[in-house]
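I have placed the structure first, in the form of structure tokens, so that the comments after it can refer back to it.
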Protein chains: 2
Amino acid sequence: MHECLDHMVEGIGRVREIFPELPLQEVVLTRLLLMVGGNLLGELERNLKPHGLNDSDFRTLMMLYSRPTGSATPSELCGYAQQGATNMTRIANVLVKAGLITRAPSAEDRRRIVLSITAAGRRLVRKILPPLFPSVHGAFASISAADKRTLERLLRQIAVNIDSLTQPDTRP
Amino acid sequence: MHECLDHMVEGIGRVREIFPELPLQEVVLTRLLLMVGGNLLGELERNLKPHGLNDSDFRTLMMLYSRPTGSATPSELCGYAQQGATNMTRIANVLVKAGLITRAPSAEDRRRIVLSITAAGRRLVRKILPPLFPSVHGAFASISAADKRTLERLLRQIAVNIDSLTQPDTRP
DNA sequence: AAAGGATAGTTCGCCAGTGAAGTAATTAGG
DNA sequence: CCTAATTACTTCACTGGCGAACTATCCTTT
């Protein structure tokens with residue numbers, strides 16, 4: 001990945017000779033962020049695959065696990081996990097088929113479905129979550145606590161910036 | 001995205017009450033990184049879509065554009081762009097069909113194919129690249145030059161860490 | 001209480017990416 | 001040299017995700 005990165009920076013530099021107004025550092029950061037994100041996701045899923053889950057499935061399961069009631073509706077999960085309703089349906093199908101969650105019609109609103117984590121689902125979380133910690137920790141090894149806080153601050157700032165790029169301005 | 005983030009941090013906090021050894025900050029950073037990366041990519045592709053390209057297509061085109069010769073073989077591009085050969089074949093098909101690159105057999109090694117950017121390809125780059133700059137710049141707005149350098153350093157460190165997670169150790 | 005609109009979930013068809021297997025050309029070993 | 005291993009690219013089948021269209025239920029307005 002390191003070699004790939006160097007090559008990329010070199011290429012961006014050459015392009016900048018043709019477009020002098022190219023924001024060099026920002027483009028490098030963008031590519032770097034995308035590359036690191038992609039590889040981080042890959043590493044995560046490499047750990048999840050043996051259990052037959054991908055990151056979306058896992059995230060959904062964890063969201064149910066983390067709820068005090070152990071249940072939620074698909075649309076709630078969509079909001080929290082930044083996923084389309086379409087995809088949520090598919091994920092729920094997978095998890096239900098695996099016996100990790102149940103699907104039940106809601107009593108007070110018959111349009112709704114309530115997804116609830118099962119005992120097997122909780123058992124699986126207890127089984128696969130702890131072995132994930134070393135990898136997560138490893139990805140940020142040799143980064144000081146202060147730097148981690150800085151990183152979080154900067155990433156949050158980027159998040160805010162992207163939000164305001166997407167929705168030009170939210171005003172009455 | 002901000003709301004979604006807060007909810008996520010809250011959920012991670014609840015899970016940590018059950019697994020006290022959960023590396024809170026690292027997990028938050030991981031999720032933050034993945035979320036920001038995803039949205040950044042989305043924003044990028046939103047700008048590319050009107051031209052019928054996605055990020056992979058665009059990256060590949062840019063890689064050819066940035067080469068002094070304007071050409072490369074698929075496997076070279078795979079290495080630089082972190083993509084499988086399979087996908088490179090498909091991307092090349094797309095770009096060839098759009099008339100942005102050409103596919104020609106290599107003279108000195110007949111297994112190889114040489115992809116070369118066409119005049120139309122260069123024209124398209126000149127057309128769509130500059131309008132991208134404001135978005136890229138905007139994503140990192142209100143971040144100081146020093147912070148940007150810090151961000152680059154930290155992301156590079158994470159890249160190195162992930163690399164060494166993936167390949168336990170490269171030694172003779 | 002009936003009509004129009006909003007919301008929840010599903011289905012369908014498409015695009016993007018991957019692993020495994022296949023073909024063809026080159027290189028290495030005996 | 002001729003076989004075996006390697007390398008380059010392609011094809012196929014599958015997973016993952018998305019937008020658009022559909023159905024069913026609820027809410028609002030009159």
Side-chain angles (χ1 to χ4, degrees), chain A residues 34-35 37-39 41-46 48-61 71-98 101-116 166, chain B residues 34-35 37-39 41-46 48-61 71-98 101-116 166:
Chain A
L34 293 182
M35 190 177 292
N39 283 68
L41 182 61
E43 172 63 17
L44 217 191
E45 298 210 311
R46 214 173 52 75
L48 293 175
K49 190 168 237 173
H51 305 283
L53 296 178
N54 62 27
D55 184 52
S56 305
D57 303 336
F58 176 66
R59 221 164 58 232
T60 303
L61 187 64
S71 55
T73 67
S75 23
E76 287 175 301
L77 298 180
C78 284
Y80 301 150
Q82 303 232 267
Q83 276 173 323
T86 301
N87 208 30
M88 199 62 237
T89 297
R90 189 186 52 75
I91 293 170
N93 286 339
V94 170
L95 296 178
V96 167
K97 185 174 290 182
I101 68 172
T102 58
R103 225 197 215 111
S106 162
E108 68 266 13
D109 185 340
R110 282 185 305 168
R111 289 169 301 180
R112 290 195 195 161
I113 292 285
V114 176
L115 304 175
S116 306
T166 310
Chain B
L34 292 182
M35 190 177 291
N39 283 67
L41 182 61
E43 173 62 17
L44 218 190
E45 299 210 311
R46 214 174 53 75
L48 293 175
K49 190 168 238 173
H51 304 282
L53 296 178
N54 62 29
D55 183 53
S56 305
D57 303 336
F58 176 66
R59 222 164 57 234
T60 303
L61 187 64
S71 55
T73 66
S75 22
E76 286 176 301
L77 298 179
C78 285
Y80 301 149
Q82 303 232 271
Q83 276 172 323
T86 301
N87 207 31
M88 199 62 236
T89 297
R90 189 186 53 75
I91 293 171
N93 286 339
V94 170
L95 296 179
V96 167
K97 184 173 290 182
I101 68 172
T102 58
R103 223 198 216 111
S106 162
E108 67 266 12
D109 184 341
R110 283 185 303 169
R111 290 170 302 181
R112 290 195 195 161
I113 293 284
V114 176
L115 303 177
S116 306
T166 310

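Lettering follows sequence order; numbering is per chain, from 1. As the structure is a computational prediction, the values presented were derived from the model and not from experiment.
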Review point. Where do B:Val96 and B:Thr102 land on the side chain to side chain contact (heavy atoms under 4.5 Å, CB included) test, with the steps shown first?
Key: CA-CA 6 Å; B:Val96 167; B:Thr102 58; over 6 Å; no

Check your understanding: Starting at the 5' end of DNA chain D, which residue's closest nucleotide do you reach first, A:Arg111 or A:Val94?
Key -> A:Val94

Point to revise | First of B:Arg90 and A:Asp57 reached from the 5' end of DNA chain D, by closest nucleotide | key: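 Its nearest nucleotide being more 5', the pick is B:Arg90.
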
Mark yes or no for a side-chain to base donor-acceptor pair under 3.5 Å between [X] and [N], with no hydrogen or angle criteria applied.
{"X": "A:Ser56", "N": "D:dG16", "result": "no"}
{"X": "A:Thr73", "N": "C:dA8", "result": "no"}
{"X": "B:Thr86", "N": "C:dA20", "result": "yes"}

Separation of [N] [atom2] from [X] [atom1] (nearest whole Å):
{"X": "A:Glu45", "N": "D:dC14", "atom1": "CD", "atom2": "P", "value": "20 Å"}
{"X": "B:Met88", "N": "C:dG19", "atom1": "CE", "atom2": "P", "value": "16 Å"}
{"X": "B:Phe58", "N": "C:dA16", "atom1": "CZ", "atom2": "C1'", "value": "18 Å"}
{"X": "B:Leu77", "N": "D:dC9", "atom1": "CG", "atom2": "P", "value": "9 Å"}
{"X": "B:Gln83", "N": "D:dT10", "atom1": "CD", "atom2": "C1'", "value": "16 Å"}

Point to revise | A:Lys49 vs A:Val114, nearer the 5' end of DNA chain C by closest nucleotide | key: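 Upstream on the strand: A:Val114.
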
Point to revise | Side-chain H-bond candidate by donor/acceptor type, A:Asn87 with A:Arg90, under 3.5 Å | key: yes

OP1, OP2 of [N] versus side-chain N and O of [X]: anything below 4.0 Å?
{"X": "A:Arg103", "N": "C:dT10", "value": "yes"}
{"X": "B:Asn87", "N": "C:dA16", "value": "no"}
{"X": "B:Arg110", "N": "C:dT26", "value": "yes"}

Review point. To the side chain of B:Pro74, which of D:dC9, C:dA24, C:dA8 is closest?
Key: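 The listed nucleotide nearest to B:Pro74's side chain is D:dC9.
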
Point to revise | Selected nucleotide, minimal atom distance to B:Asp109 side chain, candidates C:dA8, D:dC9, C:dA25 | key: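 Minimum distance to the B:Asp109 side chain belongs to C:dA25.
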
Within the 4.5 Å heavy-atom criterion, are [X] and [Y] side-chain neighbours or not?
{"X": "A:Leu53", "Y": "A:Leu95", "answer": "yes"}
{"X": "B:Leu115", "Y": "B:Pro74", "answer": "yes"}
{"X": "A:Lys49", "Y": "A:Asn54", "answer": "no"}

